[in-house]
Amino acid sequence: TEMLGFTILHIDNVEMTLKQIVDQSNADGSTYGLKVIECTPTKVCGMSAYKTVIVGKIMDRKIKNASYSFLTNQGTFYNIKFGNDPELLDKNSLLISRIISSFKLNTPD
C-alpha cells in the first residue's frame, strides 16, 4: 500500500553507448520538469553502470526516483528504478542498495 515503486526495463540490441542512453534519458526527463540531482558511475553485476537520481513533480505530487542503468557486452540495456515518494525512497535507501548489490543476470549458455 506504500507509494514506493520498482521497475526493471531491458532492451535488446541497443546501438548506443551507455553514456548516450543515460544522457538522452536525463534530457528527456528535463522536458517534463524533472531535475537530475545525481548521475554517478557505479557498478551493477560487476558491469559499469550509472546511478541517476531525479526529483520533480508529476500531477502536483512530489517524486524522487533512483535508477541504475547498465549495458551488457551483448548490447542489452537494463534500467532498474525505484521511487515515487521522496520520503519512502530515502527511508529505504539501505534496502535499495542491498537489492542492487544482490542483482544477478542469468546468461544463456
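Only a predicted model underlies this, so the values are computations on that prediction, with no experimental measurement involved. As a basis for the values below, the full set of heavy atoms in this structure was taken, side chains included, without hydrogen atoms, waters or symmetry mates.
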Just how far is it from atom [atom1] of [X] to atom [atom2] of [Y], taken to the nearest 0.5 Å?
X: Lys35; Y: Lys57; atom1: NZ; atom2: NZ; result: 14.5 Å
X: Lys64; Y: Ile54; atom1: NZ; atom2: CD1; result: 11.0 Å
X: Ile100; Y: Tyr68; atom1: CD1; atom2: OH; result: 5.5 Å
X: Ser69; Y: Met47; atom1: OG; atom2: CE; result: 12.5 Å
X: Arg98; Y: Ser93; atom1: CZ; atom2: OG; result: 11.5 Å

Any sub-3.5 Å donor-acceptor pair from Asn84's side-chain atoms to Ile63's backbone N or O?
->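 Such a contact is absent between Asn84 side chain and Ile63 backbone.
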
Verify, without hydrogens or angle tests, whether Asn92 (side chain) and Leu95 (backbone) share a donor-acceptor contact under 3.5 angstrom.
->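 Judged by distance alone, no pair lies under 3.5 Å.
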
Is there a path of hydrophobic side-chain contacts, each under 4.5 Å between heavy atoms of I, L, V, M, F, W or Y residues, that connects Met59 with Val55?
->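 Met59 does not cluster with Val55.
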
Cluster link Leu105 to Ile99, ILVMFWY, side chain under 4.5 Å |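 Yes.
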
Do Thr76 and Gln74 get their side chains close enough for a donor-acceptor pair, meaning under 3.5 Å?
->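 No, because no side-chain N or O of Thr76 sits under 3.5 Å from a partner of the opposite role on Gln74.
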
So do Leu18 and Gln20 actually touch side chain to side chain, heavy atoms under 4.5 Å?
->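 The answer is no; the side chains never approach within 4.5 Å.
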
Is there side-chain contact between Thr72 and Phe77, with at least one heavy-atom pair below 4.5 Å?
->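 No; the side chains remain at least 4.5 Å from each other.
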
Counterpart residues, ring pair (Phe, Tyr, Trp, His ring centres under 6.0 Å), relative to Tyr78 (two or more places apart) =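 Partners of Tyr78 by the ring pair (Phe, Tyr, Trp, His ring centres under 6.0 Å) criterion, ordered by chain and then number, come out as His10, Phe70.
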
Between Val36 and Ser30, does a side-chain contact (heavy atoms from CB on, under 4.5 Å) hold up when you go through it step by step?
-> CA-CA 8 Å; Val36 175; Ser30 69; over 6 Å; no

Step through the shown structure and confirm whether more than 12 heavy atoms of other residues, nucleotides or ligands are within 6.0 Å of CD on Glu38.
->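 Correct, the count exceeds 12.
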
Please step through side-chain contact (heavy atoms from CB on, under 4.5 Å) for the pair Ser67 and Lys51, ending with a clear verdict.
-> CA-CA 6 Å; Ser67 67; Lys51 175 185 179 185; over 6 Å; no

Looking at Thr7, Ile96, Val53, Asn65, which hits side chain to side chain contact (heavy atoms under 4.5 Å, CB included) with Phe82?
->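 It is Ile96, the one option of Thr7, Ile96, Val53, Asn65 that forms the side chain to side chain contact (heavy atoms under 4.5 Å, CB included) with Phe82.
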
Which one of Val22, Ile21, Ile11, Leu71 satisfies the side chain to side chain contact (heavy atoms under 4.5 Å, CB included) criterion with Met16?
->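 The side chain to side chain contact (heavy atoms under 4.5 Å, CB included) with Met16 is passed solely by Ile21 among Val22, Ile21, Ile11, Leu71.
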
Measure across Val44 and Ala49 and return the closest heavy-atom pair with its distance rounded to 0.1 Å.
->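 Looks like CG2-CB, 3.8 Å.
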
Specify the closest pair of heavy atoms between Thr52 and Cys39, including all atoms of both residues, with the distance to one decimal.
->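 Residues Thr52 and Cys39, closest heavy atoms: OG1-SG, 3.7 Å.
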
After noting the C-alpha distance and the side-chain angles of Ile8 and Phe103, does the key distance pass the side-chain contact (heavy atoms from CB on, under 4.5 Å) rule?
-> CA-CA 11 Å; Ile8 299 175; Phe103 193 80; 3.7 Å; yes

